[in-house]
**Q** 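I am attaching a structure below and will ask some questions about it afterwards.
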Amino acid sequence: MLNHSTKTAFKFIRPDLAELLAYSSHGEDVTMPSEVDKLDTNESPYDLPEAEKEQLARQYQTIIESNRYPDGSHEELKSAIAQYVNENSSFPFDPSYISVGNGSDELIRSLLIATCVGTNASILVSEPTFSMYKILAQTLGITAISIPREETHFTIKRGQADHAIAQAGAIGQGVKVIFVVHPNSPTGNLLSAAEIEWLKSLPEDILVVIDEAYFEFSAQTLVSELPEHPNWAILRTFSKAFRLAAHRVGYCIAHPQLTQALEKIRLPYNLPSFSQAAALVALQNREQLLSTLAETQQERDKLYHFLSADSRLQVWESDANFIYLRLNLASREEQHQQQQQLVKTLHQQGTLVRHTANGIRISIGTPSENERTQSHLAAYLDKNF
Ligand SMILES: *Cc1c(COP(=O)(O)O)cnc(C)c1O
């Protein structure tokens, strides 16, 4: 360790970064027991099956040359993704509509660079929502305008959104990008018909990013709307239903003019050969890998019925692989404190869940993990309320 005093001024570092925290998915103060149910990051509870791992291992032994840079064009992967996307699209997308990234996080950053960096433009999000849009915008010095969702169904307060867009425009910081999640995280709700109409009504000089990270769970997609709305972009990921969070592969479906801009911005070899191979293996075996979706939906519905029958909880229906809930307490402050305590206790018992946006998000795991979630939660509520 170099012996710099804390007074050493690292004047070359942007001062606004002092306000930000490095991302930590499990929170700051959590010491995890060795055996835990990881229900705080919405991954699949199932690893790749043995046969696919062997297929991948064989490719590593025979095809992948570790001394060579990866395929920087991603052509094979983009073709396979386009085919998969087209299974649920009325418009046949070719690979020029696809761009792949090191997780969809990289694509979010590339979209921000392509639209806002070096200008006064801002982005708009409606919270609670996925935190990375705002975090990545801040790291790039881009203003993120946040408007609330209404508290019953977590729909976007469209009047406030329109007002914020007009105001930002009036002071020369026009909104260039709106990020929405379909279904939203952490709240699990799909975009409503009225919200989709609103997105369609937005001026074409605003990019509308629709994040479909949970598409496989919801079976709902807006891809068929893309040809009509060239100012829309859809994000998807292999990190959730496809069980490849370790490999960091996401993709964007958008008009070729936008994907070409993303191609200019990304690092030349953004996706390691092994990750490209993993995504291809996952797509080739998609029927098998996605065969667990029915179980996840059943388990989600079971957990929802269990939780929503408890008057000490406020629980929302979900179209994704997680459930959002709050303790039924009148005071916001007490709610926050009690929820913190609850989440901490669950962690100590080996059930990791996420405390976010003054609520608790619980991923759907295996049936036995979900049973433990139920019993840990019920025991805590009986003891404390
Ligand atoms: C999990 C998740 C992602 C996935 O990000 P990756 O970088 O692809 O792992 C993207 N968007 C949302 C809303 C998510 O919940």
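Only a predicted model underlies this, so the values are computations on that prediction, with no experimental measurement involved. Counting convention: from 1, in listed order, for ligands and their atoms alike.
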**Q** Going by the atom numbers of ligand 1, which of them fall below 4.0 Å from some non-hydrogen atom of Ser239?
**A** 6 (P), 8 (O), 9 (O)

**Q** In the protein, what heavy atom is nearest to atom 14 (C) of ligand 1, and what distance, to one decimal place, separates them?
**A** Lys240 NZ, 3.2 Å

**Q** Step through it carefully: locate the ring centre of Tyr97, locate the ring centre of Phe91, and say whether they are under 6.0 Å apart.
**A** yes

**Q** Are Asp47 and Lys53 close enough for a salt bridge, meaning some N to O gap below 4.0 Å?
**A** yes

**Q** Is a salt bridge present between Glu369 and Arg372, judged by a nitrogen-to-oxygen distance below 4.0 Å?
**A** no

**Q** Please state which part of Ser104 comes within less than 4.0 Å of ligand 1, counting heavy atoms only: side chain, backbone, both or neither.
**A** both

**Q** Would Lys157 and Glu151 pass as an ion pair if we require N to O under 4.0 Å?
**A**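 No salt bridge links Lys157 with Glu151.
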
**Q** For atom 15 (O) of ligand 1, find the nearest protein heavy atom and state the residue, atom name and distance (0.1 Å precision).
**A**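 Here the nearest protein heavy atom works out to Tyr214 OH, 2.6 Å.
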
**Q** Is it true that Asp211 lies under 4.0 Å from ligand 1, counting heavy atoms only?
**A**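 Within the 4.0 Å threshold, so yes.
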
**Q** Examine Thr237 against ligand 1 and note whether any of their N/O atoms are separated by less than 3.5 Å.
**A** yes

**Q** How close does the nearest protein non-hydrogen atom get to atom 7 (O) of ligand 1, and which residue and atom is it?
**A**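 Checked against all protein heavy atoms, atom 7 (O) of ligand 1 sits closest to Arg248 NH2, 2.7 Å.
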
**Q** Report, in ascending order of atom number, the atoms of ligand 1 lying under 4.0 Å from any heavy atom of Gly103.
**A** 6 (P), 7 (O), 8 (O)

**Q** What verdict does the side-chain contact (heavy atoms from CB on, under 4.5 Å) test give for Glu371 and Ser375, after you've listed the backbone C-alpha separation in whole Å, the side-chain angles of each residue and the deciding distance to 0.1 Å?
**A** CA-CA 6 Å; Glu371 266 177 39; Ser375 62; over 6 Å; no

**Q** Among Phe179, Phe130, Tyr251, which residue places a heavy atom closest to atom 13 (C) of ligand 1?
**A**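 Looking at heavy atoms only, the winner is Phe130.
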
**Q** Can you name the atoms of ligand 1, numbered from 1 with element, that are less than 4.0 Å from a heavy atom of Asp105?
**A**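 Listed by number with element, the hits are 5 (O), 7 (O).
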
**Q** Under a 3.5 Å threshold, yes or no: a donor from one side chain and an acceptor from the other, between Arg236 and Thr221?
**A**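 Checked: Arg236/Thr221 side chains pair up, N/O donor to acceptor below 3.5 Å.
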
**Q** Classify the contact between Phe238 and ligand 1 as side chain, backbone, both or neither, using a heavy-atom distance cut-off of under 4.0 Å.
**A**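 Under 4.0 Å from ligand 1, Phe238 contributes no heavy atoms.
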
**Q** Supply the atom-to-atom distance Leu293 CG to Gln298 CD, rounded to the nearest 0.5 angstrom.
**A** 11.5 Å

**Q** Taking a cutoff of less than 4.0 Å between a non-hydrogen atom of the residue and any ligand atom, is Glu106 in contact with ligand 1?
**A**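 Checking ligand 1 against Glu106, which is what was asked, there is no heavy-atom contact under 4.0 Å.
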
**Q** Taking only heavy atoms of Val181, which atoms of ligand 1 are found under 4.0 Å from at least one of them?
**A**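 Selected atoms, number and element: 13 (C).
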
**Q** Below 4.0 angstrom from a heavy atom of Ala213, which ligand 1 atoms are there? Numbered from 1 as shown, please.
**A** 2 (C), 3 (C), 10 (C), 11 (N), 12 (C), 14 (C)

**Q** For Asn370 and Glu299, test the side chains for any donor-to-acceptor distance below 3.5 angstrom and give the result as yes or no.
**A** yes

**Q** State the OG-CZ distance between Ser44 and Phe242, to the nearest 0.5 angstrom.
**A** 11.5 Å

